[in-house]
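A note on names: the letters A, B, ... follow the listed sequences, proteins ahead of strands, and every chain is numbered from 1. Remember, it's a predicted structure, so these values are computed and weren't measured experimentally.
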Amino acid sequence: MTIPAQIGRGMDRVDAHAKVTGAARYSAEHRPPGAVHAVLVGARIPRGRITGIDTSAALAAEGVIAVLSHLNLPKVAQTPHLIPSLAGTTAHGQSFFPMQDDRIHYAGQPVAVVVADTLERAEYAAGLVRVSYAEEPWVTTIAQGRGDTYEPERIFGGFVPGRIERGDVEAGLARADVRIETTHHFAANHHNPIEPSATTAVWEDSKLTLYDATQGPTATRLTVAQLLGIPPSDVRVVSEFVGGSFGSKAMIWAHPTLAAMAAQHVRAPVTLALDRAQTFTNTGHREEQEQTITLGATRDGELTAIRYAKTSPTSPFDDWAEPSMGPVNRLYACPAFEGVHHLFKAATMTPTFMRAPGEGTGAFVIETAMDELAHELGMDPIELRLRNHADLDPESGRPWSSKGLRECYALGAELFGWADRDPAPVTGAAREGHWVLGTGMASAIYPVYGVVNPQRARARVYADGRAVIETGCSDFGTGAGTVLRQVAADALGMDAEAVTAHYGDTELPTTVAAVGSAGAGAISAAAHTAATALRERLVGQAVTDPGSPLHGADPAAVRVSGGRMVRPDTGAGETYGEMLGRHMTFDAEALGEWAPPGGDEYGMATFGAQFAEVAVDPDLGLVRVRRMLGVFAPGRVLNHKTARSQLMGGMLWGLGQALLEATHMEPDQGRWANPSLGEYLIPVNADAPDVRVEMIEVEDRAVNPLGVKGVGEIGQVGMAAAIANAIFHATGRRFRDLPITIEAVMAPA
Amino acid sequence: MTPREPGRTGTAVPAVPRQATGAEEHGDLGPGPVDVLLTVNGTLRRVTVEPRVSLLDALRERMGVTSPKKGCNQGACGACTVHVDGRRVLSCLTLAVSCQGREVTTVEGLADGDDLHPMQRAFAEEDAFQCGYCTPGQLMSAVALMEEGHTGDDAEIAEWMSGNLCRCAAYPNIRQAVRNVRDGAAAEGER
Ligand code: FES
Ligand code: FES
């Protein structure tokens, strides 16, 4: 009997039924008996001091149970210290916890929490809390802070150096025949998952249960426990359904701890759900940024040097910038590189990861500059990229663990019809009524981040022939729960349909927060290790069991399919269930732990090539993306259906990045001007063309046991650049700032 | 006035039923809690709410019907879309008291017992969601779209589904699901 390969098949999501019937319960929808509602009150000034809080009106309002502020909120046990959640430990989003004193560091910083019996009453009373302030001088935008920049030693929570240099950039630029020098401005962005962050906190004696919308239940557990000064083992975090995240739920912000404190204070379960506007000031953002690049190249297209710099605002507490120089440094073989981050302290919260953090903006810079260079040289953009193909990782000089980029270019060019493209950039040569048409491409790279802690899962087989795989990760739309079944089924020799996945709970074996596209690699490693251990144990038992038809067989030769162990020499066999039943055993289980090897022999990254066709109406400033193609080499693909969806989603994020997404700061108010889904534009259905996604499987033996490189971010990385390059092809105009607005396209060249 | 180009003009924002004033239906109401009787997914329910309570919060917080989602509470995302008397409405912009005597349908009421609605099946098969948070609203819009006859071509489907944001950007798969159901229904009709 043969069964289809369990890994890779495009099986429907394990939670599809729950999601289409409304049975899926998200964090704010857990309603324990006696639960009440907490609502945050945010600071109205960007910087200064609270001079007074008058809570009398709020406390007198019907249904109000308590108002917490810095005057009566307990102090946190420890001042938080920002560590990216990939480290697998506490994951404070910033080195600051609000409501500890009278200082205001950014607009929207929580200054009070109102608790009432119903949501409407809590919301109403939140508006009755009167806070007076003494405002102090502040800056929030690059225009205001440009004069006060400094060069941070490290950024991104200490993970990335602020400056990277190799080779002689001056000499490289001096010998260049051609130089491209560009400056880009990128608006700040907010993640805007459709589910705003929310936590329901329930105390039972000294034990705390949090239903929390998080990318890492364990991260929530460790972070909240540290702030409350209680043992992590007293905190259980449940997070089975999470309504999207894109980085906004990757770090653990103040609200889960505030919910727990409020619940302790009022001695009742508390739900604290952010409203949409509050998500703009409580869950981080992608910072506003300015990036400059200088490329030097010879006439035949060989890069001689790259100089790159970025300026962006960070919070008063942390040196944070998304690491945008990664793709600039690592996409092409170039003998000389210099990249530097400049920061200035602004009255904002600490920026954070947002899908394709750093790579999305950095790739835009290098990939539009490469397009300019190709144009300057009169060379095909793909040919230019092939000439500078990085056979080794330019950053480390090591070989890649796997690559596949050449294959991505080749397949992409073929599917897109690149050969038919009029290579000369045109100014409206291809027309369709008012529309001028153009096509563009870009490369994509996203690092494979190595996880550092052991990743665990537990596999169990029941005598009835079903199995369970358990690990503590959450599934916020990634398909984690679905691929867990497939990976376990593959190792156990069963059908994925016969495997149930339990996840989203800290009472299950620990895996790291699913961030940086590392989630699938981590959980598949854990599940594969656990399920393989269980299979070996069961096969080992069968071959030593005199009652088994497999008795005496070579365990290495035994095949398992559909849950039935078979010895190939005689064809005899029995199912796991038959063997367990004979021994009056109801089940068997094994814990698997994958310890990341942590070697540094390889450069590790995922690659792709992305293509777009646009139609531009120059008079109306409209840009319509008509066609999108992405070809990616993400290592092993665990589920083609869910992986394709993630890559497609990332590509449409690239469309949003290119044309729509911007959070604007009110320059004289120091607060976000458009914190709503009506004014922060994201793609709607009518913006999204059909998207073609292709995957090239490359074998990678270094990243993790199954060679999984992840698909969460790579789809976005090169998309905005491909669209901007297509706009150039259509109009002959370079738009270097993002988003490329209607106003910009309409403005006379 | 220029005649509407079929299916390509107008707004995709669902219509909100005219909000009956409290005085019309009950005499003066509020500001304290009042009883509202409404049918939710075929069951007559009584709910006690202050007049300021939205249909969305009445369903989610008081009636245990949590499929309508709160994405913005401002009428901008469509996650809260439900049917009231068969028409799609944004339940965050609809007062619960205005639904006295009306029939509310949510995703919990789409399936026929264990048999999923074809649109639910199509969403699952086409992977028309990732996180699933926008999905109940998408489904209620998609079902209404079929009734409204706005499934002619992809552009029309896209336009009339554009009141429902999906940050996971499952849009092409959502369109595919709607097409499948449309074509399935057409094939059914021909038989
Ligand atoms: S919650 Fe009603 S439209 Fe967003
Ligand atoms: S499925 Fe996540 S928002 Fe649509």
Side-chain angles (χ1 to χ4, degrees), chain A residues 10 12-13 15-26 28-29 31 37 118-121 124 191-196 241-246 273 275-276 475-479 641-642 644-646 648-653 655-656 676-678 682-691, chain B residues 12 49-50 52-54 57 60-62 64-77 79 106-108 110-111 116-117 119-121 123-125 127 129-137 139 154-155 157-175:
Chain A
D12 291 352
R13 278 172 205 274
D15 51 7
H17 189 269
K19 284 174 175 173
V20 300
T21 57
R25 291 248 164 179
Y26 296 78
E29 295 162 1
R31 196 53 62 245
H37 292 269
T118 72
L119 182 56
E120 295 75 21
R121 288 169 168 178
Y124 176 67
H191 316 78
N192 281 308
I194 300 300
E195 180 205 25
F241 292 98
V242 181
S245 173
F246 316 107
D275 69 23
R276 177 55 55 185
D475 182 341
F476 40 97
T478 55
K641 185 183 270 192
T642 57
R644 182 186 170 278
S645 287
Q646 282 240 86
M648 176 180 79
M651 288 171 68
L652 291 169
W653 268 61
L655 186 158
S676 78
L677 285 175
I682 64 172
V684 302
N685 201 316
D687 294 316
D690 282 340
V691 175
Chain B
V49 291
E50 292 169 341
R52 62 181 163 185
V53 174
S54 67
D57 285 334
R60 284 171 64 83
E61 304 295 340
R62 288 154 180 95
V65 179
T66 56
S67 78
K69 300 298 182 219
K70 187 184 280 188
C72 67
N73 215 24
Q74 292 180 322
C77 74
T106 69
V107 138
E108 287 93 339
L110 277 188
L116 294 182
H117 186 284
M119 195 65 79
Q120 292 174 303
R121 274 205 307 276
F123 265 58
E125 280 159 15
D127 211 31
F129 48 83
Q130 295 178 39
C131 75
Y133 200 76
C134 72
T135 309
L139 281 164
D154 258 32
I157 294 171
E159 193 68 25
W160 287 82
M161 288 298 289
S162 280
N164 290 85
L165 301 180
C166 176
R167 188 54 159 161
C168 299
Y171 300 125
N173 296 0
I174 293 170
R175 291 197 295 266

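Atom OG1 of A:Thr118 is separated from atom CZ of B:Arg52 by 6.0 Å, given to the nearest 0.5 angstrom. Taken to the nearest 0.5 Å, the CD atom of B:Gln120 stands 7.0 Å off from the OG1 atom of A:Thr21.
One N or O on the side chain of A:Lys641 and one on the backbone of B:Glu125 form a donor-acceptor pair closer than 3.5 Å. A distance-only check finds no donor-acceptor pair linking the side chain of B:Tyr171 to the backbone of A:Leu652 [under 3.5 Å]. With B:Thr66 contributing its side chain and A:Glu29 its backbone, the two residues share no donor-acceptor pair below 3.5 Å. B:Arg167 contributes no side-chain N or O that, together with a main-chain N or O of A:Ile682, makes up a donor-acceptor pair within less than 3.5 Å.
Checked against side chain to side chain contact (heavy atoms under 4.5 Å, CB included), B:Cys77 has the following partners two or more places apart in sequence or in another chain: A:Leu677, B:Cys72, B:Ala79, B:Leu165. Evaluation of the salt bridge (Lys or Arg N to Asp or Glu O under 4.0 Å) rule for A:Arg276 yields no partner, not counting sequence neighbours.
Of all non-hydrogen atoms in B:Ser162 and A:Ala686, the two that sit nearest each other are OG-N, 2.9 Å. Scanning all heavy atoms of the two residues, the minimum distance from A:Thr642 to B:Asp127 falls at CA-OD2, 3.8 Å. When all heavy atoms of A:Pro196 and B:Gly71 are compared, the pair lying nearest together is CG-O, 3.9 Å. Across all non-hydrogen atoms, the minimal contact from B:Cys131 to A:Phe476 is CB-O, 3.4 Å. Closest heavy-atom contact between A:Ala16 and B:Ala124: CB-CB, 3.8 Å. Closest approach of B:Phe123 and A:Val20 over heavy atoms only: CB-CG1, 4.0 Å.
Contact of A:Asp690 with chain B is made through backbone and side chain together, with heavy-atom distances under 4.5 Å. Interface remark: A:Ala24 contributes backbone atoms only to the contact with chain B (heavy atom separation under 4.5 Å). B:Arg62 touches chain A through its side chain: at least one heavy atom from C-beta onward sits under 4.5 Å away, while N, CA, C and O do not. For A:Arg121, the parts lying near chain B are the backbone and the side chain together; criterion is any non-hydrogen pair under 4.5 Å. Residue contact with chain B, scored on non-hydrogen atoms closer than 4.5 Å, involves the backbone of A:Pro193 exclusively. If you measure heavy-atom distances from A:Tyr26 to chain B, the contacts under 4.5 Å come from the side chain alone. Heavy-atom distances place the side chain of A:His37, and not its backbone, under 4.5 Å from chain B. For A:Phe241, no part lies under 4.5 angstrom from a heavy atom of chain B.
Listed options B:Thr106, B:Ile174, B:Leu116, B:Thr135 were ranked by heavy-atom pairs under 4.5 angstrom with chain A; first place goes to B:Leu116. Counting heavy-atom pairs closer than 4.5 Å to chain B, the top-ranked of the candidates A:His17, A:His191, A:Glu195 is A:Glu195. Listed options A:Gly22, A:Ala18, A:Ala23, A:Gly10 were ranked by heavy-atom pairs under 4.5 angstrom with chain B; first place goes to A:Gly22. Counting heavy-atom pairs under 4.5 Å between each of B:Ala76, B:Gly132, B:Pro68, B:Ser67 and chain A puts B:Gly132 at the top.
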Apply the test side-chain contact (heavy atoms from CB on, under 4.5 Å) to residues B:Asn173 and A:Arg644: give CA-CA distance (whole Å), side-chain angles for both, the deciding distance (0.1 Å), then the verdict.
CA-CA 11 Å; B:Asn173 296 0; A:Arg644 182 186 170 278; 3.4 Å; yes
Applying side-chain contact (heavy atoms from CB on, under 4.5 Å) to B:Gln130 and A:Lys19, what does each step give before you reach the verdict?
CA-CA 9 Å; B:Gln130 295 178 39; A:Lys19 284 174 175 173; over 6 Å; no
Check the pair B:Cys168, A:Phe246 against side-chain contact (heavy atoms from CB on, under 4.5 Å), reporting the backbone distance first and the verdict last.
CA-CA 9 Å; B:Cys168 299; A:Phe246 316 107; 3.8 Å; yes
Check the pair B:Asp57 / A:Glu120 against side-chain contact (heavy atoms from CB on, under 4.5 Å), numbers first and verdict last.
CA-CA 9 Å; B:Asp57 285 334; A:Glu120 295 75 21; 3.4 Å; yes
